Amino acid sequence: MSVSELLKSCHVVVRESVVWGEMDAFGHLNNVFFFRHFENCRIGFFDKYGFTTNGTLAQVGPILAETSC
């Protein structure tokens with residue numbers, strides 16, 4: 001199955017580039033940057049489903065109670 005086919009089943013897709021400074025000497029994404037990318041996807045979800053207006057969170061919406069990776 002291709003990446004394009006897999007992405008069709010996703011509710012929200014946020015495309016981001018990995019930059020050189022986010023990687024270690026072996027070219028692996030540094031652990032802390034996974035959470036930065038997760039946060040960008042969470043904001044993309046909020047935008048798509050109406051939890052934000054012009055980039056500002058609404059009065060009521062979901063909270064992030066816990067995260068792990």
Side-chain angles (χ1 to χ4, degrees):
M1 183 177 289
S2 72
V3 172
S4 296
E5 291 171 321
L6 288 171
L7 291 176
K8 287 179 185 176
S9 66
C10 297
H11 294 278
V12 177
V13 176
V14 177
R15 295 187 180 272
E16 294 192 350
S17 297
V18 175
V19 297
W20 180 84
E22 296 176 346
M23 296 182 290
D24 63 17
F26 298 105
H28 302 128
L29 187 64
N30 187 298
N31 293 341
V32 72
F33 292 103
F34 281 101
F35 288 95
R36 182 178 295 165
H37 294 292
F38 294 163
E39 177 65 15
N40 291 337
C41 292
R42 186 172 73 102
I43 297 304
F45 176 88
F46 287 171
D47 289 343
K48 180 173 181 177
Y49 289 102
F51 293 109
T52 58
T53 304
N54 297 324
T56 303
L57 287 174
Q59 295 276 333
V60 177
I63 63 164
L64 180 61
E66 181 180 336
T67 186
S68 65
C69 181

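Here the structure is a predicted model, which means the values were calculated and not measured.
As a member of the Ile/Leu/Val/Met/Phe/Trp/Tyr network built from side-chain separations under 4.5 Å, Val19 groups with nothing else and remains a singleton.
One hydrophobic cluster holds both Val32 and Val18 under the rule that ILVMFWY side chains link at heavy-atom gaps under 4.5 Å. Hydrophobic clustering, with ILVMFWY side chains joined whenever heavy atoms are under 4.5 angstrom apart, groups Phe35 together with Met23.
Rounding to the nearest 0.5 Å places CG of Asn31 at 10.5 Å from CZ of Phe33. Of the inter-residue distances, the one linking Asn40 atom CG with Glu16 atom CD reads 4.0 Å to the nearest 0.5 angstrom. To the nearest 0.5 Å, the span separating OG1 on Thr67 from CZ on Phe38 amounts to 6.5 Å. Annotation: the span from Arg42 atom CZ to Glu39 atom CD amounts to 4.0 Å, rounded to 0.5 Å. Rounded to the nearest 0.5 Å, atoms SG (Cys41) and NZ (Lys48) are 12.5 Å apart.
At least one side-chain heavy atom of Tyr49 sits less than 4.5 Å from a side-chain heavy atom of Val12.
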| Could you go step by step and tell me if Arg36 and Leu29 meet the side chain to side chain contact (heavy atoms under 4.5 Å, CB included) rule? | CA-CA 11 Å; Arg36 182 178 295 165; Leu29 187 64; over 6 Å; no
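Under the 30°/60° scheme for interplanar angles, the aromatic rings of Phe45 and Phe51 are found to lie parallel.
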